[in-house]
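Heads up: the structure comes next, in C-alpha cells.
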Amino acid sequence: MERSRAEVVMVIVDLINSCSNDKVAHAALACIGGGFAERVRAAAEEKGVSVGRFVAMAVRDFACRSDEAAQEALRAKVVRDDQPLLRGLREVLQVALERDPFVFDTEAMAATPPYAFSAARENALQYH
C-alpha cells in the first residue's frame with residue numbers, strides 16, 4: 001500500500017512524538033524484536049541507560065538533527081511498508097547504531113520537547 005506524502009509525514013511525526021517517550025519506545029522496540037532489538041539492547045547497556053531511554057534519545061536526536069534529505073530518505077523507506085511506524089523506528093535506530101560515536105546528550109535532549117525542533121512536524125503542517 002502506497003501512502004500519500006502527507007500520510008508518510010504524519011507517520012514520521014507520530015514516530016517522533018510517540019517514541020520520544022521511554023515506555024512507548026521500549027514497547028515499540030519489543031514489537032520489532034529479534035536480533036535487531038538485541039543489538040539495540042546491547043548499545044543501551046554500553047551507554048548505561050535503559051533500552052527505552054536509548055530508543056527515545058535516538059528518536060529525539062533524529063528529530064533535532066535531521067535535515068530534509070534525511071527525512072526524505074526515511075519517507076522513501078516507509079511509504080510502502082505494511083508497518084510504517086515500526087519500519088521508521090528501525091531505520092532511525094539503525095543510523096543511531098552505526099554512528100560512531102553516537103551523540104547522546106541526555107541533558108540537552110531531555111530539556112527539549114522533540115516536536116520543538118522537528119522539521120518533520122513543520123513539513124506535516126504545510127500539508128494540512
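Owing to the predicted nature of the structure, the values given are computational and were not obtained by experimental measurement. The basis for the numbers below is simple: all heavy atoms, side chains too, and nothing from hydrogens, waters or symmetry mates.
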Side-chain ion pair, E91 and R87, N-O less than 4.0 Å
yes
Quick one: OG on S66 to CG on L74, what's the gap to the nearest 0.5 Å?
8.5 Å
Here the gap from M57 atom CE to R53 atom CZ, rounded to the nearest 0.5 Å, amounts to 4.0 Å
Quick check: is V49 connected to V92 through a chain of hydrophobic side chains (ILVMFWY, heavy atoms under 4.5 Å apart)?
yes
Do L15 and L86 sit in the same hydrophobic cluster, where Ile, Leu, Val, Met, Phe, Trp and Tyr count as joined when their side-chain heavy atoms come under 4.5 Å apart?
yes
Ignoring hydrogens, what is the shortest heavy-atom contact between I12 and Q71? Give both atom names and the distance.
CD1-O, 4.1 Å
Taken in chain and number order and not counting sequence neighbours, the residues that satisfy side-chain contact (heavy atoms from CB on, under 4.5 Å) with A30 are none
Calculate, to the nearest 0.5 Å, the distance between atoms CZ and CG belonging to R90 and L29 respectively.
9.5 Å
Inter-residue atom distance Q83.CD - C31.SG, 0.5 Å rounding:
8.0 Å
Please answer: with hydrophobic residues joined when any side-chain heavy atoms are less than 4.5 Å apart, are V24 and L85 in the same cluster?
no
Minimal non-hydrogen separation, L89 against A28, with atom names
CD2-CB, 3.5 Å
Can you name the closest pair of heavy atoms from V59 and S20 and give their distance?
CG1-OG, 3.8 Å
Test side chain to side chain contact (heavy atoms under 4.5 Å, CB included) on Q94 and R39 and set out the steps.
CA-CA 10 Å; Q94 184 64 42; R39 286 181 47 215; 3.5 Å; yes
Can you tell me how far the CG atom of L97 sits from the CZ atom of F54, to the nearest 0.5 Å?
5.0 Å
Pairwise distance OG(S50) to NZ(K23) - rounded to 0.5 angstrom
10.5 Å
Working note: F62 + I16, criterion side chain to side chain contact (heavy atoms under 4.5 Å, CB included); need CA distance, chi angles, decisive distance, verdict.
CA-CA 8 Å; F62 176 81; I16 291 167; 4.2 Å; yes
Worked check of salt bridge (Lys or Arg N to Asp or Glu O under 4.0 Å) between R75 and E68
CA-CA 10 Å; R75 281 192 288 272; E68 183 59 33; 2.4 Å; yes
Which atom pair, heavy atoms only, marks the closest approach of C19 to A25?
O-CB, 3.4 Å
